[in-house]
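All remarks here apply to the structure that follows.
Because the structure is a prediction, the values reported are computed rather than measured. Every chain is numbered from 1, with letters handed out A, B, ... down the list of sequences.
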Protein chains: 2
Amino acid sequence: MAAANVRDVAALAGVSVGTVSNVLNQSKRVAPETARRVHDAIDKLGFIRNDAARQLRVGQSRTVGIMVLDVSNPFFTDIARGAEDALSQHGRSLILGNSGEDSARELSYLDLFEEQRVSGLLITPVGNVLSRLERLRDRGSPVVLVDRHENARTFSSVSVDDQRGGQLAVEHLLDVGRTKLAFVGGPKAVLQVADRSRGARDAISERGARPIRMVELDTMRADAGRVGAEQLLALAPADRPDAVFAANDLIALGVLQALTHAGVRVPDDIAIIGYDDIYFAANAAIPITSIRQPAWEMGRTATELLMAEIADPGLRDYRHVVFQPELVVRASTVSPG
Amino acid sequence: MAAANVRDVAALAGVSVGTVSNVLNQSKRVAPETARRVHDAIDKLGFIRNDAARQLRVGQSRTVGIMVLDVSNPFFTDIARGAEDALSQHGRSLILGNSGEDSARELSYLDLFEEQRVSGLLITPVGNVLSRLERLRDRGSPVVLVDRHENARTFSSVSVDDQRGGQLAVEHLLDVGRTKLAFVGGPKAVLQVADRSRGARDAISERGARPIRMVELDTMRADAGRVGAEQLLALAPADRPDAVFAANDLIALGVLQALTHAGVRVPDDIAIIGYDDIYFAANAAIPITSIRQPAWEMGRTATELLMAEIADPGLRDYRHVVFQPELVVRASTVSPG
DNA sequence: GACCCAAATTTAAACGATTCACTTTCAAAC
DNA sequence: GTTTGAAAGTGAATCGTTTAAATTTGGGTC
């Protein structure tokens, strides 16, 4: 009981395989009556097109890959949903890979995407994979960088002005009267983290404020945030900051959790500001002030850029869409009183 | 500059294509020196195996599909991570589809998975897709149901005893002295919702408590929870419940948000219990009591069941792993005092 | 009735890896 | 010195679809 193929369908419908293919792909005019017969045969046999064969012949897959830093972070799943929504309008589908901030896993997914000849790739890179991405592009799979402003200008990109975001965050903390700030953030190698902390330092020096204490973390997850907070708690009381700028909301949640657990009052003793404005930050034990990034729109826009490149493979006119971050003030930085 | 293929590699290495394939697949003994030459050629040409061709010949993909109800729900991404971790040990990769509780989207992903001849599928079904799944299995792609206890016993499954979970939730609410309960939950058609509410009603009648009010929602997302809460707020004060059992934590968060916004005190006026025990429920404005499901382990276990079926295609001995739910008490049901 | 044209359909050649039946090689055994 | 057999390597056939060139069909025109 082997699965039916185009030949079986053609035989049952009394046409040639070419006609079946034409019906399948609407690539050529087929008489309505013939098309009906072919569809009947397809239904009767339960024929499902073998995508591997199609792909081998055509040279490209109809799916687009997306690689995110962390599927557990709602910011990235929102991006993925934006991309998925946009893609389904183009009749393509999305396959999602999760690098989990792990460079080895990232490479192994890149292998997969490359072997699969995906028609395009959206990626927030972890490791140093630019040359891999260039190869991918040169082989016909355009790449759009997400949440990363690429200086080299060899790829289209969608990003948020993270430096400005960092500035906004620190300015807000200074505005509400905080003086001893700390930045708690993921590996410095992650560009977003670097940009946000640079913006923070810019704002500090612009305002002539006291230097910001840097606490570096291994990852951008909540558990790392707890570790970072514990480092702050271990400081002599005089050194302890009165405000924390967390590199993202998950870290902010971890910091909040650790501080609250240690009996520190938020925001009275220490204020907290996060980044991303995920749903759960707004609904945290103490609603967290954050820098909003338009995740869904970023996913959608990245997809549109990608589709433009897919449609016009010769295109060398890389576009860079930069969204502006937005401050959302909540209880973690301002006392309700 | 067409991409290199096995023939090019073979030519450069001075061997036949068969030997290249043997090196690629470790399927036959190849002399170390020959293997080295082949690898050198691969590196020099930047050869990337064309997976479509491989798949066409072999008849099956090396990837496993997973279809989740909602990528925005951390419960499902935790399952996916469990699956991914387990799969990577078997040298396979995962492609993730998001049905978003939408039956049409579910079907379109099933088409994709079927066309791709995935080597297996993990799925939490939305619509009535059992016959589709049977076809998939009969064509050589085993299917394991996730978070769904299948009576028909035609698939292996991993699930949680949701009826027991519903019972636990209601018993807890009664134990802390609540008498007027409400169940706020997603579409009744979703099996998990049905089981949880049945368990709730069982506990009610067992204890001889007052009947539980049912509030039915369209989805299992937080916004639906807010809508549900508003229905409760619209009730005459005498009818208003003093405890809410939400079908999952996202709904519980929505309910919490709407109640708090309306000035209702949680848990004093109304207690809330959720389901899943996602990270963000534990860290909500008022930490939410929940029924824990071991998501990561479920993903891992489902994968193991799937791998067993893949390894032994004749297997008709479907296994059903049922995890036990666990009550986790937090502030949303018991006053700190 | 010969001719032309467009529409509909057919046919056969790809696409690139894997596989399996078949050589070749070479050392050990008699 | 012949035989044997395991190890290493070869190469043609194959998987199922798409596609482009070729062919058929059937009016419409003169």
Side-chain angles (χ1 to χ4, degrees), chain A residues 1-39 41-42 45-63 111-112 114-119 139-140, chain B residues 1-39 41-42 45-63 111-112 114-119 139-140:
Chain A
M1 200 197 80
N5 59 22
V6 276
R7 223 174 311 278
D8 301 326
V9 172
L12 182 57
V15 298
S16 73
V17 293
T19 300
V20 174
S21 176
N22 287 334
V23 170
L24 247 33
N25 301 289
Q26 292 121 24
S27 49
K28 254 185 161 182
R29 288 198 63 77
V30 172
E33 159 63 12
T34 312
R36 201 191 48 68
R37 285 215 319 279
V38 170
H39 278 125
I42 288 176
L45 294 173
F47 166 79
I48 298 278
R49 165 219 268 111
N50 184 325
D51 196 52
R54 191 203 133 275
Q55 201 171 306
L56 172 59
R57 174 63 229 230
V58 173
Q60 274 235 130
S61 141
R62 287 169 312 156
T63 61
D111 286 344
L112 178 71
E114 207 163 352
E115 288 189 358
Q116 301 221 358
R117 309 289 195 264
V118 289
S119 56
R139 297 193 175 202
Chain B
M1 199 197 85
N5 58 24
V6 277
R7 221 175 314 277
D8 301 326
V9 173
L12 183 58
V15 298
S16 73
V17 292
T19 299
V20 175
S21 176
N22 287 334
V23 170
L24 247 33
N25 300 288
Q26 292 119 25
S27 48
K28 250 186 161 182
R29 290 198 63 78
V30 172
E33 159 62 10
T34 312
R36 201 190 48 67
R37 286 214 320 279
V38 170
H39 279 124
I42 288 176
L45 295 172
F47 167 79
I48 299 276
R49 157 213 282 104
N50 184 325
D51 196 51
R54 190 204 134 277
Q55 202 171 307
L56 172 60
R57 177 62 231 232
V58 173
Q60 275 237 133
S61 141
R62 288 168 312 157
T63 62
D111 286 345
L112 178 71
E114 207 163 352
E115 288 189 358
Q116 301 221 359
R117 309 290 195 264
V118 288
S119 56
R139 297 193 174 201

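Residue A:N50 has no polar side-chain atom (N or O) positioned under 4.0 Å from OP1 or OP2 of D:dC15. Look at B:N25 and you won't find any side-chain N or O under 4.0 angstrom from OP1 or OP2 of C:dA17. Contact annotation: A:S16 side-chain N/O to C:dT9 OP1/OP2 distance is not under 4.0 Å. Proximity of A:R29 to the phosphate of C:dA7: no side-chain N or O atom is located under 4.0 Å from OP1 or OP2.
In this structure, A:R37 atom CZ and C:dA8 atom C1' are separated by 12 Å, rounded to whole Å. Separating the CD atom of A:Q55 from the C1' atom of C:dA17 is a distance of 13 Å, rounded to the nearest angstrom. Atom pair A:L56:CG and D:dC15:C1' shows a separation of 9 Å (rounding to whole Å applied). Between A:Q26 atom CD and D:dT18 atom P the separation is 11 Å, expressed in whole Å. Per the geometry, CD belonging to B:Q60 stands 13 Å off P belonging to D:dG16, to the nearest Å. Whole-Å rounding puts the A:E115 CD to C:dA17 C1' distance at 11 Å. Between A:L24 atom CG and D:dT17 atom P the separation is 8 Å, expressed in whole Å. In this structure, B:L45 places its CG atom 14 Å from P of C:dG16, rounding to the nearest Å.
Looking at heavy-atom distances under 4.0 Å, A:V6 makes contact with a base. Residue-level contact check: A:R7 touches the bases, meaning some heavy atom is under 4.0 Å from a base atom. As judged by a 4.0 angstrom heavy-atom cut-off over every strand, B:V20 is placed among residues making no nucleic acid contact. Among the heavy atoms of the strands lying under 4.0 Å from A:V15 are primed sugar atoms or P, OP1, OP2 only; no base atom is included. Contacts of B:D51 with the nucleic acid, taken as non-hydrogen atoms under 4.0 Å apart, are absent.
Take the nearest nucleotide of DNA chain D for B:V30 and for B:A53: the residue whose nucleotide is more 5' is B:V30. In terms of position along DNA chain C, the nucleotide closest to A:N22 lies nearer the 5' end than the nucleotide closest to the other residue of the pair B:T19 and A:N22.
Scanning atom types as modelled, no donor and acceptor separated by under 3.5 angstrom connect the side chain of A:R57 and the base of D:dT17.
With hydrogens and angles disregarded, no donor-acceptor distance shorter than 3.5 Å links the side chain of B:Q55 to the backbone of A:Q116.
You'll find that the side chain of A:V17 is closest to C:dT11, out of D:dA8, C:dT11, C:dT18. When each of C:dC15, D:dG9, C:dT19 is scored by its nearest atom to the side-chain atoms of B:V58, the top-ranked nucleotide is C:dT19.
Within the 4.5 Å cutoff, side-chain heavy atoms of A:L24 are placed close to those of A:V6.
Remark: A:N5 CG to A:L45 CG distance equals 9.5 Å, nearest 0.5 Å. For the atom pair NE2 of A:H39 and CZ of A:R36, the computed distance is 11.0 Å after rounding to the nearest 0.5 Å.
When each of A:R57, A:R117, A:R62 is paired with A:D51, the salt bridge (Lys or Arg N to Asp or Glu O under 4.0 Å) condition holds for A:R62 and for no other.
In this structure, A:S119 and A:S61 approach most closely via the heavy-atom pair CB-O, 3.2 Å.
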